[in-house]
*Asks:* 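Quick one: this structure, given as structure tokens, is what I'll be asking you about.
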Amino acid sequence: MLRRALPARPEARRILLGTLLSAIGRGLTLPFLFIYLTDVRGLSDNQAGLVIGWFGAVTLALSPLGGALIDRFGARRVVLPCLAIEAVGTGSLALVDSLGTAFAVSTLIAIGGSALWAGQTTILASLTGDGERQRVFGLQFALLNLGIGVGGLISGAVVDIARPVTFQAVYLLDALSYLTPGLILLTLPHVGHRLAKASEAGAGRSHGGYLAVLRDRPFRRLILFGLVLTTCGYAQIEVGFAAYSVRVVEVTPRVVAWALAANTVMIVLSQLLVIRRMEGRSRTRGLAAVGAVFATAWLVLGAAGLVGTANALVAALGVVACAAIFGFGETMLSPVMPALTNALATDELRGRYNAMSSMIFGISGIIGPVTAGPLLGAAHGRLWVAVVVGGCLIASALALSLHRLLTPAQDGRRTPTPASEPEPATV
């Protein structure tokens with residue numbers, strides 16, 4: 001299964017190696033930003049939520065520019081400087097000592113990260129064919145989470161709220177990790193250049209810019225699905241999941257680190273199998289299943305909160321189980337979302353399509369952290385659980401509504417003959 005998931009081109013394999021190496025650094029810091037800002041640097045819960053939300057706002061504001069620059073100059077010329085800026089910003093988190101410096105560093109990180117996802121996805125899409133993209137994107141996600149899991153295990157054994165220097169060390173190591181994919185890209189001089197020239201027949205469509213992308217009705221529906229799902233899913237990991245686990249379930253930060261490790265183990269062990277099982281099946285129905293799985297994960301976490309200190313072991317197992325179940329849902333989402341985005345995109349607008357897809361995380365990065373704090377404080381966190389479960393189920397309904405807007409090829413369905421394909425949906 002691993003051999004089948006590997007991309008045919010060696011350049012794509014090296015890009016995936018960079019993903020793995022940089023993810024180890026990301027894993028060192030992913031679970032602890034909210035705890036670092038509040039329990040180590042003395043910010044209030046609301047202040048920390050605003051800082052993280054501000055990061056999402058800046059990322060959101062700059063993402064459209066990043067997509068346009070990728071289409072105009074090529075992903076390479078955008079990704080390399082962004083990686084350098086991201087490294088400087090992440091390392092600067094070790095020096096945060098006030099609300100003002102937290103906002104400044106958050107801004108710098110957002111500038112660096114605003115075009116990274118779109119640029120790296122565009123590069124990988126340019127190195128893979130339609131028939132292998134879904135598998136390759138799934139493998140990329142497995143490697144990403146393998147690296148994050150390794151980093152999480154290391155940081156879970158090292159960081160200590162009573163010793164701020166331990167947090168400073170992991171942020172500096174995370175900064176260094178961002179340089180590895182940049183160095184790999186520098187060794188591939190023919191990778192990441194502009195995909196379409198202005199003189200090409202289809203290039204006229206690129207003049208429509210984001211208006212042309214927004215006229216794509218199936219893509220608009222996909223964006224809406226992604227926004228609801230990530231707001232009630234991914235955006236809750238750094239704030240909602242960590243805070244609920246520590247303050248409501250009353251487990252230690254080390255349990256949170258082990259939970260994220262369980263998340264990674266689930267992804268690494270099941271991703272290749274899920275890729276194989278999903279091949280030739282409806283992508284939209286797979287996305288609907290993701291919402292149901294995420295909702296189940298949050299329900300398990302809510303049950304752990306009800307148990308709490310009455311049975312510390314059961315509560316801790318509930319936190320770990322939540323992360324593991326969530327990880328299984330991620331294995332279905334990771335290959336499908338970028339594959340469907342790039343199935344709808346053209347080379348002339350591929351950077352913009354991927355930028356808009358990455359903007360989902362920017363928008364949810366604002367809504368999730370800002371709303372998680374007040375929701376966690378209401379009814380001992382039960383209101384937060386109810387909202388995120390309901391949101392995930394709404395996302396499932398949106399995914400099912402997208403099914404009729406796609407051709408079988410776009411939806412990833414195998415068809416007996418080309419004649420059986422319906423006409424593409426009008427926009």
*Asks:* Side-chain contact, heavy-atom cut-off 4.5 Å: L50 with F103?
*Replies:*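 SC-SC contact between L50 and F103 confirmed.
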*Asks:* Is L108 close to I85 at the side-chain level, that is, under 4.5 Å between some pair of heavy atoms?
*Replies:*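 Touching, per the 4.5 Å side-chain cut-off.
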*Asks:* Please check if any side-chain donor atom of D174 sits under 3.5 Å from a side-chain acceptor atom of T90, or the reverse.
*Replies:*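 Not at all, the side chains of D174 and T90 share no donor-acceptor pair under 3.5 Å.
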*Asks:* Taking only residues two or more places apart in sequence or in another chain, which ones pass ring pair (Phe, Tyr, Trp, His ring centres under 6.0 Å) with Y36?
*Replies:*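 Y36 satisfies ring pair (Phe, Tyr, Trp, His ring centres under 6.0 Å) with F167, Y171 once adjacent residues are dropped.
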*Asks:* Which residues satisfy the side-chain hydrogen bond (donor to acceptor under 3.5 Å, both in side chains) test with W258, sequence neighbours excluded?
*Replies:*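 With sequence neighbours excluded, W258 shows a side-chain hydrogen bond (donor to acceptor under 3.5 Å, both in side chains) to no residue whatsoever.
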*Asks:* Is it true that a side-chain atom of R194 and a backbone atom of D71 form a donor plus acceptor pair closer than 3.5 Å?
*Replies:*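 Yes, the answer is positive, given that a donor and an acceptor are paired below the 3.5 Å cut-off.
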*Asks:* Can you list the steps and then say if R221 with S401 is a side chain to side chain donor-acceptor pair (under 3.5 Å)?
*Replies:* CA-CA 8 Å; R221 189 68 56 86; S401 73; 2.9 Å; yes
*Asks:* Find the distance between CG (L124) and CD1 (I15) and round it off to the nearest 0.5 Å.
*Replies:*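 These two atoms lie 7.5 Å from each other.
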*Asks:* Any side-chain hydrogen bond (donor to acceptor under 3.5 Å, both in side chains) involving residues 115-129? Give me the pairs, sequence neighbours left out, ordered by first then second residue.
*Replies:*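 Checked against side-chain hydrogen bond (donor to acceptor under 3.5 Å, both in side chains) - neighbours excluded - the pairs reaching residues 115-129 are T122-N354.
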*Asks:* Do you know which two heavy atoms are closest between T341 and S357, and how far apart they sit?
*Replies:*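 Here T341 and S357 meet closest at OG1-OG, 3.8 Å.
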*Asks:* At what distance, to the nearest 0.5 angstrom, does CE of M356 lie from CG of D216?
*Replies:*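 Rounded to the nearest 0.5 Å, the CE-CG separation comes out at 10.0 Å.
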*Asks:* Sequence neighbours left out, what passes side-chain contact (heavy atoms from CB on, under 4.5 Å) with A288? Give chain and number order.
*Replies:*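 Partners of A288 by the side-chain contact (heavy atoms from CB on, under 4.5 Å) criterion, ordered by chain and then number, come out as S396, A399, L400.
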*Asks:* Could you work out, with side-chain contact (heavy atoms from CB on, under 4.5 Å) as the rule, every residue matching L60, not counting sequence neighbours?
*Replies:*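 For L60 the side-chain contact (heavy atoms from CB on, under 4.5 Å) partners, ignoring immediate neighbours, are M359, I363, I366.
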*Asks:* Tell me, do M337 and V290 make a side-chain contact under 4.5 Å, heavy atoms counted?
*Replies:*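 When only atoms from C-beta onward are counted, V290 and M337 do not touch, as no gap falls below 4.5 Å.
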*Asks:* Rounded at 0.5 Å granularity, tell me how far OG in S22 sits from CG in L83.
*Replies:*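 Going from OG on S22 over to CG on L83, the span is 8.0 Å.
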*Asks:* Considering only residues two or more places apart or on different chains, which pairs with a residue in residues 282-307 satisfy side-chain hydrogen bond (donor to acceptor under 3.5 Å, both in side chains)?
*Replies:*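 Of all non-adjacent pairs touching residues 282-307, those that pass side-chain hydrogen bond (donor to acceptor under 3.5 Å, both in side chains) are Q134-R283, S282-T284, S282-H403, S282-D411, T284-H403, T284-D411.
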*Asks:* Using side-chain heavy atoms (C-beta onward) and a distance below 4.5 Å, is L340 in contact with L402?
*Replies:*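 A side-chain contact exists here, since the closest heavy-atom pair is under 4.5 Å.
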*Asks:* Decide side-chain contact (heavy atoms from CB on, under 4.5 Å) for L17 and L143; before the verdict, give the C-alpha distance in whole Å, the side-chain angles of both, and the deciding distance to 0.1 Å.
*Replies:* CA-CA 8 Å; L17 176 62; L143 294 174; over 6 Å; no
*Asks:* Might you confirm whether atom CZ of R13 has over 12 heavy atoms from other residues, nucleotides or ligands at distances under 6.0 Å?
*Replies:*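 More than 12 heavy atoms, drawn from other residues, nucleotides or ligands, come within 6.0 Å of this atom.
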*Asks:* Decide yes or no for C232 and F294: does some side-chain heavy atom of the first lie under 4.5 Å from some side-chain heavy atom of the second?
*Replies:*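 In short, these two side chains do not touch, never coming nearer than 4.5 Å.
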*Asks:* Name all residues meeting the side-chain hydrogen bond (donor to acceptor under 3.5 Å, both in side chains) criterion together with R247; count only those two or more places apart in sequence or in a different chain, and write none if there are none.
*Replies:*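 Partners of R247 by the side-chain hydrogen bond (donor to acceptor under 3.5 Å, both in side chains) criterion, ordered by chain and then number, come out as D45.
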*Asks:* What closest approach, in Å, do P64 and Y210 show between heavy atoms, and which atom pair accounts for it?
*Replies:*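 Heavy atoms of P64 and Y210 come nearest at O-OH, 2.6 Å.
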*Asks:* First locate atom CG of L227, then atom OG of S364, and finally report the distance between them rounded to the nearest 0.5 Å.
*Replies:*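 Result: 6.5 Å between the selected atoms.
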*Asks:* Spell out, as yes or no, whether a donor-acceptor pair under 3.5 Å connects the side chain of T180 to the backbone of S177.
*Replies:*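 Yes: the side chain of T180 pairs with the backbone of S177.
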*Asks:* Look only at the side chain of R350 and the backbone of N342, and say whether a donor-acceptor pair between them is shorter than 3.5 Å.
*Replies:*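 A pair under 3.5 Å: yes.
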*Asks:* Hey, could you give me each pair passing salt bridge (Lys or Arg N to Asp or Glu O under 4.0 Å) that has a residue in residues 142-163? Not counting sequence neighbours.
*Replies:*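 For residues 142-163, and leaving out neighbouring residues, the salt bridge (Lys or Arg N to Asp or Glu O under 4.0 Å) pairs sorted by first residue read D160-R163.
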*Asks:* Treating T230 as the side-chain partner and G233 as the backbone partner, does any N or O pair qualify as donor plus acceptor under 3.5 Å?
*Replies:*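 No, T230 side chain to G233 backbone: no donor-acceptor pair under 3.5 Å.
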*Asks:* Among all residues two or more places apart in sequence or in another chain, which pass the side-chain contact (heavy atoms from CB on, under 4.5 Å) test with E11?
*Replies:*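 Testing E11 for side-chain contact (heavy atoms from CB on, under 4.5 Å), a comparison that skips the adjacent residues, returns R9, L127, L188, V191.
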*Asks:* Do L301 and V385 pass the side-chain contact (heavy atoms from CB on, under 4.5 Å) test, and can you show the C-alpha distance, the side-chain angles, and the key distance before you say yes or no?
*Replies:* CA-CA 8 Å; L301 185 64; V385 173; 6.0 Å; no
*Asks:* Between CG of L229 and CG of L398, what distance do you get to the nearest 0.5 Å?
*Replies:*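 Atom-to-atom, L229:CG and L398:CG are 10.0 Å apart.
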*Asks:* Can you check side-chain contact (heavy atoms from CB on, under 4.5 Å) on Q47 and L37, steps first, answer last?
*Replies:* CA-CA 9 Å; Q47 287 174 332; L37 292 176; over 6 Å; no
*Asks:* Once side-chain hydrogen bond (donor to acceptor under 3.5 Å, both in side chains) is applied, what residue pairs with a partner in residues 311-339 remain, sequence neighbours excluded?
*Replies:*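 Output for this query lists Y234-E330, N263-E330, Q271-S334.
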*Asks:* Would you check if V387 and T371 make a side-chain contact, meaning some heavy-atom pair closer than 4.5 Å?
*Replies:*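 When only atoms from C-beta onward are counted, T371 and V387 do not touch, as no gap falls below 4.5 Å.
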*Asks:* Using side-chain heavy atoms (C-beta onward) and a distance below 4.5 Å, is L269 in contact with M266?
*Replies:*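 Counting from C-beta outward, L269 and M266 never come under 4.5 Å.
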*Asks:* Could you report the tightest heavy-atom contact between V96 and R41, atom names first, then the distance?
*Replies:*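 The pair with the smallest heavy-atom distance is O-NE, 2.8 Å.
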*Asks:* What is the minimum heavy-atom distance between L43 and S98, and which atoms define it?
*Replies:*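 Of all heavy-atom pairs spanning L43 and S98, the closest is CD1-C, 4.3 Å.
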*Asks:* Do M278 and M332 have side chains that approach each other closer than 4.5 Å (heavy atoms only, starting at C-beta)?
*Replies:*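 Of all side-chain heavy-atom pairs linking M332 with M278, at least one is under 4.5 Å.
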*Asks:* Any idea which heavy atoms bring I161 and P253 closest together, and the distance?
*Replies:*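 It is CD1-CG, 4.3 Å.
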*Asks:* Measuring from atom CG of L173 to atom CD of Q168, what distance do you get when rounded to the nearest 0.5 angstrom?
*Replies:*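 Here the rounded value is 12.0 Å.
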*Asks:* Run the side-chain contact (heavy atoms from CB on, under 4.5 Å) test on L287 and L222 for me, step by step, so that the C-alpha distance in whole Å, both residues' side-chain angles and the decisive distance to 0.1 Å come before the verdict.
*Replies:* CA-CA 10 Å; L287 293 177; L222 180 65; 3.9 Å; yes
*Asks:* Counting distance only, does the side-chain N/O of E279 pair as donor-acceptor with the main-chain N or O of R276 below 3.5 Å?
*Replies:*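 Checking the backbone N and O of R276 against the side chain of E279, no donor-acceptor pair under 3.5 Å is found.
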*Asks:* If I compare all heavy atoms of G113 with all of E86, which pair ends up nearest, and what's the gap?
*Replies:*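 For G113 and E86, the tightest heavy-atom pair comes out as N-OE1, 2.9 Å.
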*Asks:* Tell me, which pairs form a side-chain hydrogen bond (donor to acceptor under 3.5 Å, both in side chains) where one or both residues lie in residues 49-63, sequence neighbours left out?
*Replies:*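 Checked against side-chain hydrogen bond (donor to acceptor under 3.5 Å, both in side chains) - neighbours excluded - the pairs reaching residues 49-63 are W54-T107.
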*Asks:* Looking at residues at least two apart in the chain, or sitting in another chain, which of them share a ring pair (Phe, Tyr, Trp, His ring centres under 6.0 Å) with F219?
*Replies:*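 For F219 the ring pair (Phe, Tyr, Trp, His ring centres under 6.0 Å) partners, ignoring immediate neighbours, are Y353.
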